[in-house]
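Heads up, the thing below is written out as structure tokens.
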Amino acid sequence: MRNKKKIILFAVSAILLQLLFFSSSEAKVYIDITSPSWIEIPISISGTGNEEVKTVEDVVRNDLYLTGVFADVAPEAGGAEMAVEISLEGTESLKAGAVVRDLISGSVVMDKKYSATKNSIRALGHSIANDVFKIITDRDGCFRTKFTYIVDSGGEKELHIMDWDGYNSSIIESKGLPLVHNWSDDGNYIFYSSERNRKWRILRIDIKGGVREQVFTSDGINLIGDIYGNLVAFSSSKEGSPEIYTMQTDGSGLTKITSSAGIDISPVFSPNGSKIAFVSDRSGSPQIYTMDADGSNIRRLTFEGSYNQSPAWSLDGKWIAFVSRIDGKNQIVVIKSDGTGARQLTFEGNNENPTFSPNGLFIAFDSDRGKGRGIYVMRVNGEGQKRITSDKVRALIPKWSPYLY
Amino acid sequence: MKKILILLLMVFVIGCAQKHVRDAYYKDAARCKADLYGGDGTCEEAVITVKDASAKDKETKEDKKGDKDERQIIADESVISEEGIKDIDLTNAEVRKEIDLIFKDVLFDYDKYDLRDEARAQLDAVAAWLMKNRKTNLIIEGHSDDRGTNEYNLALGEKRAKAAGDYLLLRGVSAARMNLLTYGEEKPACMDQSEDCWQRNRRAHFVVTE
């Protein structure tokens with residue numbers, strides 16, 4: 001009898017210990033953004049130091065609020081549960097600090113120092129936002145990532161690169177007619193398809209060195225799809241009809257993996273590279289299909305609607321975003337990769353070319369709602385849709401970079 | 001005896017040209033042999049024949065021997081050119097007027113790339129003109145309206161240019177004289193969001209060159 005009591009006592013204390021252990025180790029994660037719904041954390045962001053600190057503050061504020069995880073509270077208004085205090089000193093070479101306080105417990109949960117130059121002040125803001133986001137959610141922020149996208153100036157097309165919030169745009173290719181494009185996994189190369197001298201070519205540019213090289217060309221179209229490690233998936237009509245091919249990043253090892261009389265285009269790899277989603281009109285209208293990366297096990301994924309295109313695979317492999325024509329307009333829809341659970345995310349204007357952020361929290365796309373075509377970012381549940389490119393620029397086809405360090 | 005041989009060759013070439021329309025653009029016999037048509041030796045040889053004829057046609061237009069195969073196809077299509085090859089001045093106003101009249105855009109249905117009946121009649125006239133004016137070449141541009149995605153529309157435009165090109169090939173126009181190029185929705189003829197404008201943009205557009 002005594003023994004039994006002892007055992008019970010031991011078990012209870014073990015459970016208590018475990019509870020204690022878990023609550024202390026999990027204490028850092030203030031919000032579980034993987035849960036279907038969460039309550040926004042009221043947070044205040046303030047800055048001290050020289051005038052430039054305003055810029056840093058704005059960058060951090062914009063980054064954090066776009067995630068939908070935080071509610072904006074002015075420092076003087078009260079009611080904030082967390083506070084981010086940014087300090088900045090220097091004119092050319094900058095010294096910055098960021099402190100995150102848990103105002104409920106009164107503890108300092110982050111205290112970091114940064115150095116930057118005047119030209120990299122926005123990057124400094126993004127770095128601080130990444131650290132704040134990580135400390136509160138235990139997830140990586142995507143605030144240092146970039147987009148490549150196309151600027152259309154009256155028929156002429158240019159390939160550009162910009163920060164994830166639409167700032168710091170610069171041109172990477174203006175020759176020919178650059179159109180579809182994508183990032184290498186390591187973020188070092190942009191692969192793009194451009195019509196030059198009456199041929200569609202796949203080229204790649206080393207974004208640090210700026211060196212361009214042609215990877216593949218033939219008669220017909222050659223449109224870059226996706227890159228997984230050293231493997232490139234693309235569509236080509238070199239034999240007369242657009243089919244999906246793979247090759248190595250240097251253009252060697254060309255392998256044809258689909259064969260149909262119609263159109264097969266837009267291949268994208270699943271996150272582990274084992275599958276490819278693509279668009280085919282083999283059923284009579286464009287639909288999303290999946291197959292193994294060698295072309296076997298072809299499976300139709302979309303049955304609703306007669307015009308489904310432009311698939312993008314989410315980071316966890318569970319979702320495929322695509323474009324569907326609904327009531328005469330193109331909309332972004334997500335569907336589980338088993339073909340169930342379709343959900344429409346956009347409702348206004350024509351919305352095309354979805355692309356996931358590398359942390360899986362956001363989808364970017366282009367839309368012609370309001371003034372002209374521009375690039376928008378939204379959360380994966382469709383909330384918080386925000387235009388990030390200027391109304392003055394016709395911008396389309398965003399591609400989200402991987403993490404860049 | 002020689003005539004019979006030529007006749008046989010002619011039938012052979014026509015048969016293959018029709019059967020292997022796809023491959024003739026891409027001038028790679030080995031590829032044709034490999035997968036599209038089941039790997040019969042005839043295919044490879046036929047495509048080479050067409051290719052040789054076209055290549056010579058382009059290189060030395062005075063070379064009568066090089067032109068022979070193509071003329072035989074013309075004979076079959078009953079659009080014999082008695083004048084043979086003549087020079088043409090594409091800057092001449094009369095010529096331009098004639099070209100504008102004959103080389104009208106071939107229009108397509110929404111999300112379709114098969115030829116309408118009226119397109120066939122249009123293309124018959126285009127083929128006849130090209131046969132008469134053998135020193136010209138043709139760029140066929142495929143276009144779409146802007147309702148699909150940019151990428152899918154490039155594929156649609158490609159298919160449309162090819163539908164027009166394949167038909168001209170069957171009408172005896174040498175593959176070497178034709179260049180296909182898709183622009184998808186990137187070079188629209190008009191910018192309105194109306195059924196009328198969408199239709200104008202869903203087109204195969206011709207550019208006659210020297």
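Computed from a predicted structure; not experimentally measured. Quick note: numbers below take in every heavy atom, side chains included, and nothing from hydrogens, waters or symmetry partners. Proteins come first, then strands; the chains are lettered A, B, ... in the order of their sequence lines, and each starts at number 1.
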#### Entry: Interchain contact, R198(A) with chain B, by part (heavy-atom threshold 4.5 Å)
both
### Query
Contact part of L177(A) toward chain B, heavy-atom cut-off under 4.5 Å: side chain, backbone, both or neither?
side chain
### Query
Using non-hydrogen atoms only, which part of L179(A) is less than 4.5 Å away from chain B: side chain, backbone, both, or neither?
side chain
### Task
Under the side-chain contact (heavy atoms from CB on, under 4.5 Å) rule, what do S241(A) and E158(B) come out as? Steps first, then yes or no, please.
CA-CA 8 Å; S241(A) 186; E158(B) 168 84 4; over 6 Å; no
### Atom pair NZ/CG of K199(A) and N179(B) - distance to nearest 0.5 Å
8.0 Å
### Task
State the OH-OG distance between Y110(B) and S285(A), to the nearest 0.5 angstrom.
9.5 Å
### Task
Would you please go through residues 92-104 of chain B and name the residues with a non-hydrogen atom below 4.5 Å from one of chain A, in numerical order?
none
### Task
Can you sort out the partners of D109(B) under salt bridge (Lys or Arg N to Asp or Glu O under 4.0 Å), two or more places apart, ordered by chain and number?
R116(B)
### Query
Under the disulfide (SG to SG under 2.5 Å) rule, what pairs show up with a residue in residues 121-188 of chain B, not counting sequence neighbours?
none
## Note on the structure
Turns out that what part of N330(A) lies under 4.5 Å from chain B's heavy atoms comes down to side chain
### Query
How would you list, in number order, the residues of residues 183-196 of chain B that have a heavy atom less than 4.5 Å from chain A?
Y183(B), E185(B), E186(B)
### Engaged part of K329(A) at the chain B interface, taking heavy atoms whose separation is under 4.5 Å
neither
### Query
What is the distance from atom CZ of R373(A) to atom CG of D146(B), rounded to the nearest 0.5 Å?
8.0 Å
### Query
Can you tell me how far the CZ atom of R325(A) sits from the CG atom of D111(B), to the nearest 0.5 Å?
10.0 Å
### Task
Rounded to the nearest 0.5 Å, what's the gap from CD1 on I221(A) to CG on L181(B)? Could you check?
11.0 Å
### Task
Could you tell me which portion of L154(B) (side chain, backbone, both or neither) has an atom closer than 4.5 angstrom to a non-hydrogen atom of chain A?
both
#### Entry: Within-4.5 Å side-chain heavy-atom neighbours: E151(B) and I397(A)
no
### Query
Relative to chain A, which segment of L156(B) carries a heavy atom at a distance below 4.5 Å: side chain, backbone, both, or neither?
both
